Amino acid sequence: CSSKYVLSQIHPMWQQPLAVPGGHCQSPIDIVVRKSVFDSALKPLATDYDPETCQQIWNNALKGGPLQDQFRLCQFHFHWGESNAWGSEHTVDRRLFPAELHLVHWNSDKYSLFEEAVSGDNGLAVIGVFLKVGKRHEGLQKLVDALPAIRHKGSVVEFTRFDPACLLPSNTEDYWTYHGSLTTPPLTESVTWIVMKQHIEVSHDQLAVFRSLLFTSAEEEVQKSMVNNFRVQQPLVRPSHTSLLG
Ligand SMILES: NS(=O)(=O)c1ccc(Cc2ccc([N+](=O)[O-])cc2)cc1
Ligand SMILES: [Zn+2]
């Protein structure tokens with residue numbers, strides 16, 4: 001996991017939803033609030049990200065919430081639509097948001113590498129934060145300013161001294177949590193999802209810069225806008241395990 005660079009990634013699977021044969025706890029899902037169960041044992045999220053550029057001394061830790069072990073931040077990324085009408089992967093009572101942030105962590109108490117945790121039991125924890133169009137998000141602007149330098153597929157730009165905790169909502173007590181999967185290949189069912197109840201606001205112009213990114217490299221004849229990079233929702237085939245803290 002590199003936390004020093006902003007990468008323009010493509011996920012070829014976006015062209016068609018992927019089913020995982022035998023997968024019975026796939027993500028994303030619709031969070032049906034009235035079916036979620038309040039669990040007073042769940043604690044507020046505790047993040048301790050260190051914006052130091054050198055990853056080796058990062059103590060970028062996530063604890064608390066539904067987690068027993070310590071998890072380390074590996075990367076963060078976003079999913080968004082071609083318009084403000086849709087773009088998030090999860091929904092709340094079918095409500096769509098224009099975008100969703102994922103902060104991806106791996107269980108550093110149980111595994112020594114992210115790659116091992118990806119397919120391991122209780123290996124990953126992803127915090128999902130909904131984005132809503134409103135006032136400009138000052139913390140996000142540093143990332144938005146870096147995006148034009150990575151417009152094309154595979155481009156990389158140095159991106160240091162950024163504390164992704166600034167992208168979390170002020171209320172880190174209220175969230176839904178459930179056992180699910182990665183929403184892109186390898187779709188492994190190793191994820192404790194923590195979906196924050198409170199969204200963050202970003203401006204229309206900030207979202208427009210995300211939509212200016214491209215799935216294609218500079219050499220390709222036909223350029224394809226990087227939009228609608230979300231997975232279709234998956235059936236909640238297990239008894240509802242989503243519980244609400246706050
Ligand atoms: N959208 S999401 O479920 O939060 C998600 C989080 C992380 C990743 C990144 C990733 C996860 C695993 C692998 N892998 O095992 O080859 C490659 C990339 C992919 C997807
Ligand atoms: Zn994601």
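As the structure lists them, so they are numbered: ligands from 1, and atoms in each ligand from 1. Everything quoted here is computed from the prediction, not taken from an experiment.
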**Q.** Opening angle between ND1 in His102 and NE2 in His79, taken at the Zn ion (ligand 2), to 10 degrees
**A.** 100°
Q.
Is it true that Asp30 and His90 share a donor-acceptor pair across their side chains at a distance under 3.5 Å?
A. no
Q. Salt-bridged, Lys110 to Asp121, with N to O below 4.0 Å?
A. yes
**Q.** Heavy-atom nearest neighbour of atom 12 (C) of ligand 1 within options Pro186, Ala117, Ser190, Cys74
**A.** Pro186
Q. Have Ser170 and Gln198 got a donor and an acceptor in their side chains that come within less than 3.5 Å?
A. yes
Q) When you check the side-chain N and O atoms of Thr91 and Gln233, is any donor under 3.5 Å from an acceptor? A) yes
Q) Below 4.0 Å from any atom of ligand 1, is there a heavy atom belonging to Trp193? A) yes
Q) Taking N or O atoms only and a 3.5 Å limit, does Thr183 qualify as a polar contact for ligand 1? A) yes
Q: Please indicate whether any nitrogen or oxygen in His77 is less than 3.5 Å from any nitrogen or oxygen in ligand 1.
A: yes
Q | Whether Glu89 side chain and Glu100 backbone form a donor-acceptor pair below 3.5 Å | A | no
Q | Atoms of ligand 1, numbered as shown, that sit under 4.0 Å from any heavy atom of Thr184 | A | 19 (C), 20 (C)
Q) Under 3.5 Å between some N or O of ligand 1 and some N or O of His79? A) yes
(Q) Please work out, at 4.0 Å between heavy atoms, whether the side chain, the backbone, both, or neither of Glu115 comes within that distance of ligand 1. (A) neither
Q) Do Trp86 and Asn228 have side-chain N/O donor and acceptor atoms under 3.5 Å apart? A) yes
Q. Just heavy atoms, cut-off under 4.0 Å: does Val126 contact ligand 1 by side chain, backbone, both, or neither?
A. side chain
Q) Do Gln206 and His204 meet the criterion of a side-chain donor-acceptor pair at a distance under 3.5 Å? A) no
